[in-house]
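Quantities reported herein were computed from a predicted structural model and do not represent experimental measurements. Basis for what follows: all heavy atoms, side chains included, without hydrogens, waters or symmetry-related copies.
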Amino acid sequence: MSAHAAELPLGEAEDLLRCPQCFAAKLVATPDGRLCCAACSAAFAGDAETGAYSLIAEATPGGIKDDIRKWWGDLYRQRYAGHEDGLDAATLGRQLDELEDLFRRRRHLAAVEMPLSGLAGKKVLEIGSGAGAHAALFARHGASVVAVDITPERVAATARKLALVPASRGRAYHADAENLPFQDAAFDIVYSNGVLHHSEDTQRCIAEVHRVLKPGGRAVIMLYARHSAAFWLNIVPRALVTGEFFRWPEAQWIGRLTEGKPAFGTTRNPITRVYSGRAIARLFGAFNVSRPRKSSFQFDNAAIPRLTQMREAVLRALGRRAHAGGTLVYGAPFMAETSLELWLGKFIGFSWNIVAE
């Protein structure tokens with residue numbers, strides 16, 4: 001992939017940014033390609049290929065944030081390594097068409113709560129951009145997109161995809177959701193799909209979302225639901241059987257049993273949190289929150305060996321096929337929910353789809 005990273009106009013990018021080290025000043029581009037703070041002299045370099053800057057404040061190595069980066073970098077390599085090889089604008093455009101169709105069929109956050117048809121001209125921040133498919137979709141609908149992720153590999157993938165969207169006005173940054181490198185009241189919409197419940201301090205992330213939203217702005221966020229089939233029929237039974245339940249605090253044993261296993265290292269998913277409806281109300285206490293919508297249930301949401309394979313085999317026998325739109329976000333075609341699963345997801349789904357203003 002040879003395209004240069006899509007960029008916001010330099011002056012606009014500088015107006016958005018603040019120093020993540022001292023919080024006191026804007027960052028200004030220098031002739032040598034760095035972003036520098038006039039107040040504390042901190043300097044942040046950009047990647048030569050993608051143009052994505054690392055705006056992570058200095059931190060003690062070896063902490064939980066390092067584990068978070070290691071784990072999500074490992075998972076990126078498992079799911080997406082090589083899938084961008086040879087990707088061009090035409091191919092990405094077709095894949096985004098397929099992804100949008102899949103999102104609508106699944107009644108996904110990005111198709112129901114996120115106003116795709118009304119994004120033109122909006123400043124959108126995505127927190128936790130993954131491989132960049134969501135950010136590219138929003139840019140394609142005319143949004144001025146800024147995407148951040150704590151994992152460098154995912155930032156680079158997002159920057160490459162934004163570069164391939166025609167007339168895209170977007171940029172990707174390596175940044176920490178607990179310390180966003182942006183000015184107050186900078187964005188019309190902050191979007192985050194299944195990310196903030198993996199943070200060391202989710203409450204601080206939500207406070208940062210509130211800070212960077214314009215007055216009247218909207219947060220569109222998905223967090224995991226405690227009262228769900230996936231939690232009570234899958235995660236908790238496995239925690240009890242493996243003994244993880246008794247060895248770790250809740251966010252850690254849930255983390256160790258969700259999102260998969262490491263393939264390129266030994267670091268497991270450090271943190272996953274789940275939320276009840278009351279906990280969501282407390283978490284978003286500074287916002288006006290409309291009634292969250294539950295979704296994301298499948299008949300394999302139980303701790304029964306090979307249940308996923310059995311579900312897919314039954315659906316294939318009934319004539320259903322995995323949807324090609326899953327490739328960009330899941331690394332492979334995705335067997336979407338049936339109508340019955342979509343209906344049950346309203347009550348026992350694993351996702352809280354939240355709109356907070």
* To do: May I ask you to decide whether Lys65 forms a salt bridge with Glu200, counting only side-chain N to carboxylate O separations under 4.0 Å?
  => yes
* Asked: Under a 4.0 Å N-O cut-off, is there an ion pair linking Arg77 with Asp74?
  -> no
* What distance separates His227 NE2 from Lys294 NZ, expressed to the nearest 0.5 Å? -> 7.0 Å
* So, Thr327 side chain and Ala324 main chain: donor-acceptor pair closer than 3.5 Å or not? -> yes
* Asked: Which is it for Glu208 and Arg204 under the salt bridge (Lys or Arg N to Asp or Glu O under 4.0 Å) test, yes or no, and what are the steps along the way?
  -> CA-CA 6 Å; Glu208 281 289 88; Arg204 182 170 174 179; over 6 Å; no
* Evaluate the ring planes of His134 and Phe138, with Trp represented by its six-membered ring, and classify them as parallel (under 30°), tilted (30 to 60°) or perpendicular (over 60°). => perpendicular
* Mind telling me whether Phe182 and Phe187 have parallel, tilted or perpendicular rings, with 30° and 60° as the class edges? => perpendicular
* CZ/Arg256 to CH2/Trp248 distance, rounded to the nearest 0.5 angstrom? -> 4.5 Å
* Please answer whether the main-chain N or O of Ala229 pairs with a side-chain N or O of Asn301 as donor and acceptor at a distance below 3.5 Å. => no
* To do: With rounding to the nearest 0.5 Å, note down the distance linking NZ in Lys122 to CD1 in Ile189.
  => 6.5 Å
* To do: Before accepting this row, confirm whether a basic side-chain N of the pair Arg211/Asp184 lies closer than 4.0 Å to the acidic partner's carboxylate O.
  => yes
* Distance from Arg238 atom CZ to Leu257 atom CG, nearest 0.5 Å? -> 5.0 Å
* To do: Indicate the ring-plane relationship of Phe287 and His210, choosing parallel, tilted or perpendicular according to the 30° and 60° boundaries.
  => perpendicular
* Would a distance-only check, ignoring hydrogens and angles, find a side-chain to backbone donor-acceptor pair under 3.5 Å from Asp176 to Ile56? -> no
* Measure the acute angle between the ring planes of Tyr173 and Tyr53, then classify it against the limits of 30° and 60° as parallel, tilted or perpendicular. => tilted
* To do: Inspect the contact between Lys70 and Asp66 and indicate whether a charged nitrogen and a carboxylate oxygen are less than 4.0 angstrom apart.
  => no
* Decide, yes or no, whether a salt bridge links Asp97 with Arg140 under the criterion of side-chain N to carboxylate O below 4.0 Å. => yes
